[in-house]
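Throughout, residue positions are numbered sequentially from 1 according to the sequence presented.
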Amino acid sequence: MRTASFLRQALAVLLAGLTWGCTRTALTRPADDPTLRLMDTLRAHARTHAPACAPSVSLLRPGGGIDLERLRAAGHPVIVWTVNDLPTMQALLRRGVDGIISDRPDLLMQAVRDFDANGDGIPGDLLDADGLIDPKRFDAQGHRGARNLRPENTLPAFEAALDHRMTTLELDTVLTADGVPVLSHDPDLSPTKCRHADGSPLSAPVPIATLTVARLQATFVCDRLLQDRPEQTNDRARSPEAVAFAARAGLPDPYTVPTLRQVFAFAAEQADAAHEARDPLRARNARRVRFNVELKRTSPKSDIAEAHGDAVARVIQEAALAPRVDVQSFDLRAVRSMQDRHPGLRAVLLLETRPTAADVKAAE
């Protein structure tokens, strides 16, 4: 009997871990919760849109340090990164997160489509009448487009995200030497991700900040496949929309590093009359798709310059996309700067570690 009881207790502990503590696990009082205090402080500074909290998925596991239920009870939207397996997606959906950022938009679409939110045995509670994800109920974000399916932050990656009906295209930006926001997770062109346009490999990383946008796009292509992402492909035949757009835009290759402006234009084109005629649902989703634009640091310890946020905001305003764009960063100063300088854009704070009292004070 004691053995059976032990097994039952062990199973209960295992299930609790697998569901990531769907009941409240944090023991801190609200006044002692630095994440809640930080988000409350950022919300107090917001003039138009309340900010969102975007923690690493590891912070929501038992002992991770962030109380999801408390954040949501306080009215803070919580969008979790980066989640690439169905069981974790399903567990987070059950816990009521507001959104998930994933390298696998195909799996995320499947998880949302099959989710039974009200427990009536009928899935699809987060979908609209046409079977698209309802962005008012859930935010499904394609991380760097579709990082596990195509080379990241490229037009083909965003094509794949739109193919899988993501509500938001998540992307990274850095500035060129002439101040143009372009897409890259890294401050340098990495030899593992990029090559010369003539096919020759890079012998060393190339700092993007040393290149004009014209030289960047004429000289380099970022279509290399990562060994740890076996589902990735750079087969141009799998990305006909990106191929066609690149040709019309005068880009040397669909895997040329795009500007932020070109990504906005690409998404807009996916909703035009021709696309509407071919695939009405895909076009409808593209017409309303949101963008989550990250401001990347030039080094782990450097602050993000105000000029970076200003350049991104300028492109957003010129495209008349402010209602559909979030700007996110791990840099708390950059988040506060965007709130002060561009209050019409929603700010998102990315979290890789649990905030501290010093973070709260810095945001005040």
Trainee: Strictly below 4.0 Å, N to O, side chains only: are D33 and R70 in salt-bridge contact?
Mentor: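 Looking at R70 together with D33, the answer is yes, because their closest N to O distance falls below 4.0 Å.
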
Trainee: Counting only heavy atoms not in E318, do more than 12 fall under 6.0 Å of its CD?
Mentor: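 Atom CD in E318 is crowded, with more than 12 foreign heavy atoms closer than 6.0 Å.
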
Trainee: Could you tell me whether D128 and R284 have a side-chain N and a carboxylate O separated by less than 4.0 Å?
Mentor: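 Judged by the 4.0 Å cut-off on N to carboxylate O distance, D128 and R284 do form a salt bridge.
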
Trainee: One pair to check against salt bridge (charged side-chain N to carboxylate O under 4.0 Å, His left out): R104 and E231. What are the steps and the verdict?
Mentor: CA-CA 10 Å; R104 289 292 302 268; E231 293 87 3; 3.7 Å; yes

Trainee: Could you check whether any side-chain N or O of R72 sits under 3.5 Å from a backbone N or O of G96, counting only pairs where one atom can act as donor and the other as acceptor?
Mentor: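 Present.
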
Trainee: Quick one: are E352 and L350 in side-chain contact, heavy atoms under 4.5 Å?
Mentor: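 Side chain of E352 against side chain of L350, heavy atoms only: no contact under 4.5 Å found.
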
Trainee: Is the backbone N or O of N234 less than 3.5 Å from a side-chain atom of R236, with the two atoms forming a donor-acceptor pair by type?
Mentor: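 Yes, the answer is positive, given that a donor and an acceptor are paired below the 3.5 Å cut-off.
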
Trainee: Consider only side-chain heavy atoms of I, L, V, M, F, W and Y, link residues closer than 4.5 Å, and tell whether V83 and L171 are in one cluster.
Mentor: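 No: no chain of side-chain contacts under 4.5 Å links V83 to L171.
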
Trainee: Verify, without hydrogens or angle tests, whether Q141 (side chain) and E170 (backbone) share a donor-acceptor contact under 3.5 angstrom.
Mentor: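 No; judged by distance alone, with no hydrogens or angles, the pair does not exist.
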
Trainee: Measuring from atom CG of L108 to atom CD1 of I101, what distance do you get when rounded to the nearest 0.5 angstrom?
Mentor: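 Taking CG in L108 and CD1 in I101, the distance rounds to 10.0 Å.
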
Trainee: Any idea which heavy atoms bring D331 and S302 closest together, and the distance?
Mentor: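 Between these two residues, the closest heavy atoms are OD2-O, 4.3 Å.
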
Trainee: Are V221 and F245 linked, directly or through other ILVMFWY residues, by side chains that come within less than 4.5 angstrom of each other?
Mentor: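 As far as the 4.5 Å side-chain criterion goes, F245 and V221 are not connected within one cluster.
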
Trainee: What distance do R314 atom CZ and R261 atom CZ have between them, rounded to the nearest 0.5 Å?
Mentor: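 Reported value, rounded in 0.5 Å steps: 9.0 Å.
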
Trainee: Between D326 (side chain) and N292 (backbone), is there a donor-acceptor pair under 3.5 Å?
Mentor: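 No, D326 side chain to N292 backbone: no donor-acceptor pair under 3.5 Å.
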
Trainee: Could you check whether atom CZ of R287 has more than 12 heavy atoms from other residues, nucleotides or ligands sitting under 6.0 Å from it?
Mentor: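 Result for CZ/R287: enclosed.
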
Trainee: Report the C-alpha distance between D253 and T256 in whole Å, list the side-chain angles of each, state the deciding distance to 0.1 Å, and finish with yes or no for side chain to side chain donor-acceptor pair (under 3.5 Å).
Mentor: CA-CA 5 Å; D253 192 278; T256 296; 5.2 Å; no

Trainee: Should T173 and H308 be marked as a side chain to side chain donor-acceptor pair (under 3.5 Å) after you check the CA-CA gap, both sets of side-chain angles, and the distance that decides it?
Mentor: CA-CA 9 Å; T173 61; H308 188 168; 3.1 Å; yes

Trainee: Could you check D139 against T168 for side chain to side chain donor-acceptor pair (under 3.5 Å), going step by step and ending with a plain yes or no?
Mentor: CA-CA 7 Å; D139 190 9; T168 298; 2.6 Å; yes

Trainee: Measuring from atom CG of L189 to atom CZ of R195, what distance do you get when rounded to the nearest 0.5 angstrom?
Mentor: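 Between atom CG of L189 and atom CZ of R195 there are 12.5 Å.
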
Trainee: Just do the side-chain contact (heavy atoms from CB on, under 4.5 Å) check on T88 and I100 with the steps written out, would you?
Mentor: CA-CA 10 Å; T88 304; I100 292 174; over 6 Å; no

Trainee: Does atom CZ of R238 have more than 12 heavy-atom neighbours, drawn from other residues, nucleotides or ligands, at distances under 6.0 Å?
Mentor: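 Atom CZ in R238 is not crowded, with 12 or fewer foreign heavy atoms closer than 6.0 Å.
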
Trainee: Under 4.5 Å between side-chain heavy atoms, hopping through other hydrophobics if needed: is there a path connecting V293 to V174?
Mentor: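 Hydrophobic grouping puts V293 apart from V174.
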
Trainee: If you measure from CG on L351 to CG on L38, what distance do you get to the nearest 0.5 Å?
Mentor: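 Reported to 0.5 Å precision, the distance equals 7.0 Å.
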
Trainee: Could you tell me whether R333 atom CZ has more than 12 heavy atoms of other residues or ligands within 6.0 Å of it?
Mentor: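 Open.
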
Trainee: Side chains of M338 and V312: does their closest heavy-atom pair fall under 4.5 Å?
Mentor: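 No; the side chains remain at least 4.5 Å from each other.
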
Trainee: Rounded to the nearest 0.5 Å, what separates atom CD in E294 from atom OG in S184?
Mentor: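 E294 atom CD to S184 atom OG measures 11.0 Å (nearest 0.5 Å).
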
Trainee: Ignoring hydrogens, what is the shortest heavy-atom contact between P151 and D223? Give both atom names and the distance.
Mentor: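 Scanning both residues, the minimum pair turns out to be CG-O, 3.8 Å.
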
Trainee: For D106 and H164, run side chain to side chain donor-acceptor pair (under 3.5 Å): C-alpha distance rounded to whole Å, both residues' side-chain angles, the deciding distance at 0.1 Å, then the answer.
Mentor: CA-CA 6 Å; D106 53 337; H164 293 292; 5.1 Å; no

Trainee: Can a salt bridge be assigned to the pair R144 and D172 using a cut-off of 4.0 Å between side-chain N and carboxylate O?
Mentor: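 A salt bridge links R144 with D172.
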
Trainee: What verdict does the side-chain contact (heavy atoms from CB on, under 4.5 Å) test give for L107 and D85, after you've listed the backbone C-alpha separation in whole Å, the side-chain angles of each residue and the deciding distance to 0.1 Å?
Mentor: CA-CA 7 Å; L107 294 183; D85 65 280; 5.8 Å; no

Trainee: Roughly how far, to the nearest 0.5 Å, is OG1 of T176 from CD of Q217?
Mentor: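 That separation rounds to 9.0 Å.
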
Trainee: Which heavy atom of A140 sits nearest a heavy atom of I133, and at what distance?
Mentor: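 Minimum heavy-atom contact is CB-CD1, 3.6 Å.
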
Trainee: Which residue in the set R297, K296, K193 passes salt bridge (charged side-chain N to carboxylate O under 4.0 Å, His left out) when paired with D186?
Mentor: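 The salt bridge (charged side-chain N to carboxylate O under 4.0 Å, His left out) with D186 is passed solely by K193 among R297, K296, K193.
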
Trainee: Passes salt bridge (charged side-chain N to carboxylate O under 4.0 Å, His left out), D40 versus R37? Steps please.
Mentor: CA-CA 5 Å; D40 284 346; R37 289 171 57 206; over 6 Å; no

Trainee: Would you say R147's side chain and G145's backbone share a donor-acceptor pair under 3.5 angstrom?
Mentor: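 A pair under 3.5 Å: no.
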
Trainee: When you look at E241 and R278, which way does the salt bridge (charged side-chain N to carboxylate O under 4.0 Å, His left out) test go after all the steps?
Mentor: CA-CA 12 Å; E241 297 293 345; R278 288 200 298 270; 3.4 Å; yes

Trainee: Do side-chain atoms of R324 reach the backbone of V289 as a donor and acceptor pair under 3.5 angstrom?
Mentor: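 At least one qualifying donor-acceptor pair exists.
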
Trainee: Of all the heavy-atom pairs spanning P34 and A357, show the shortest one and how long it is.
Mentor: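 Answer, listing the atom of P34 first, then A357: CB-N, 4.5 Å.
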
Trainee: Please name the pair of heavy atoms, one in P55 and one in C53, separated by the smallest distance, quoted to 0.1 Å.
Mentor: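 Nearest pair, atom of P55 first, then C53: CD-O, 3.4 Å.
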
Trainee: Check the pair D134 / L127 against side-chain contact (heavy atoms from CB on, under 4.5 Å), numbers first and verdict last.
Mentor: CA-CA 5 Å; D134 185 342; L127 307 180; over 6 Å; no

Trainee: Under a 4.5 Å side-chain heavy-atom rule over Ile, Leu, Val, Met, Phe, Trp and Tyr, are I316 and V348 clustered together?
Mentor: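 Looking at the clustering, V348 is in a separate group from I316.
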
Trainee: Start with the C-alpha gap between L126 and L93, add the side-chain angles, then the distance that decides, and say whether side-chain contact (heavy atoms from CB on, under 4.5 Å) holds.
Mentor: CA-CA 10 Å; L126 301 181; L93 285 167; 3.9 Å; yes

Trainee: Would R137 and D125 count as a salt bridge (charged side-chain N to carboxylate O under 4.0 Å, His left out) if you check the C-alpha gap in whole Å, the side-chain angles of each, and the deciding distance to 0.1 Å?
Mentor: CA-CA 9 Å; R137 301 177 192 172; D125 294 326; over 6 Å; no

Trainee: Could you tell me which non-hydrogen atom of V257 sits nearest to which non-hydrogen atom of C222, and how far apart they are?
Mentor: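 Looking at all heavy atoms of both residues, the closest pair is CG2-SG, 3.6 Å.
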
Trainee: Are L68 and L349 linked, directly or through other ILVMFWY residues, by side chains that come within less than 4.5 angstrom of each other?
Mentor: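 Same hydrophobic cluster.
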
